[in-house]
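Below is one structure, written out as structure tokens, with a few remarks after it.
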Amino acid sequence: MKRTPMSQSSMPVSEPPAPATPRRLPVIQRSFGQTNRTDTWWAFPLLVIVVFGGFVIYSTWAAFQNAHYTFGNYLSPFYSPEIFGDSGHAWFGPKPGWWPGFIPFSPALLILWAPGGFRFTCYYYRGAYYKAFWGDPPSCAVGEPRKSYWGEQTLPLILQNVHRYFMYLALIFLVLLAHDVWDALWFADAAGKMHFGIGVGTLVLALNVILLGGYTFGCHSFRHMIGGKCDEVSTATFGSKVYDCASCLNQRHMVWAWCSLFWVAFADIYVRLCSMGIWHDLHWSIS
Ligand code: FES
């Protein structure tokens, strides 16, 4: 049987749905620290204060020491590169004569601003220390100490956008620290002749470069630079595989951030305590 198509005019006309009335959710203004959360939301900000704050205090103290930063061919990462200084690692010899007498001198003070700036402006750390140190907010759904949103579009926090430039410097530091690992593979005998070998300190410095590499190559700015800025990642200069690697590291950026922070401090402590004769480095070399 042949069916006649239903004409448009005979079709039942349904009423268009009435536009939904926008509902405004009430903004709950909580006082500082007030929350309905029952979990231990305060534990992580507290940990950040202790660990990050402890790192800042220790690294500042270590930077001002200007002593015990080398042991044999090991060089503390806090002092690398040693541009001017008294050790054999110094590029241009001891403290220059033009250095103002009223400013304390240490090779670390000449260079630590770069890796320090990289870490301080890191997108991950910003989230962590904003919460921990000035409660902005202390945690999700926890009352803030202020009513307005500061954002990062005005001074001083707009300066955090220099992160990408610190990232370029961090890449250079990675190369320099890797060169320190190479230096740490050579050991002098009693006659001063160098022998290829490996020591516990070599492994400590090598792991430092690996962890800093995982942190730097997972950086949001690095990921943007090598592919994120392209409309098609496959057209990126280094290809999509490199971008995928950076994305993979980026997913664990927080873990890389904390592990590399801990280990760079430990590497300085290791070299320092060996230099002071408190720890004894074990090494094996080919004679
Ligand atoms: Fe963390 Fe760049 S975002 S190092």
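In listed order, ligands and their atoms are each counted from 1. One is the number of the first residue; the rest follow in order along the sequence.
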| query | Does the cation-pi check pass for Arg119 over Phe52, that is, NZ or CZ under 6.0 Å from the six-membered ring centre and within 45° of its axis? | reply |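 No, Arg119 does not lie over the aromatic ring of Phe52.
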| request: Tell me, please, if His253 has any N/O/S atom, main chain or side chain, under 2.8 Å from atom 1 (Fe) of ligand 1? | output: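 Here the distance criterion (N, O or S atom, under 2.8 Å) is met by His253, so yes.
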| query | Within less than 2.8 Å of atom 1 (Fe) of ligand 1, any N, O or S from Cys122? | reply |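 Looking at Cys122, which is the residue asked about, there is an N, O or S atom under 2.8 Å from atom 1 (Fe) of ligand 1.
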| request: To the nearest 10 degrees, could you say what angle atom 2 (Fe) of ligand 1 makes with SG of Cys219 and NE2 of His163? | output: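 The angle at atom 2 (Fe) of ligand 1 comes to 100°, rounded to the nearest 10°.
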| More than 12 heavy atoms from other groups under 6.0 Å of OH on Tyr165 |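 Atom OH in Tyr165 is not packed in, count stays at 12 or less.
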| field | Centroid-centroid under 6.0 Å between Trp258 and Tyr125 rings | value |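 Close enough - the centres of the two rings lie under 6.0 Å apart.
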| Would you say Tyr215 contacts ligand 1, with heavy atoms under 4.0 Å as the rule? |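 The answer is yes: ligand 1 sits under 4.0 Å from a heavy atom of Tyr215.
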| Judged by modelled atom types alone, do Arg30 and Thr35 share a side-chain donor-acceptor pair under 3.5 Å? |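 No, because no side-chain N or O of Arg30 sits under 3.5 Å from a partner of the opposite role on Thr35.
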| message | Between Ser76 and Asp268, is there a side-chain donor-acceptor contact under 3.5 Å, judged purely by atom types and distance? | response |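 Yes.
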| request: For Tyr123, counting its heavy atoms only, list the atoms of ligand 1 lying under 4.0 Å from any of them. | output: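 Once the distances to Tyr123 are compared, the set is 1 (Fe), 3 (S).
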| task | May I ask you to identify, for Phe118, whether its side chain, its backbone, both or neither come under 4.0 Å of ligand 1 on a heavy-atom basis? | result |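 Side chain only.
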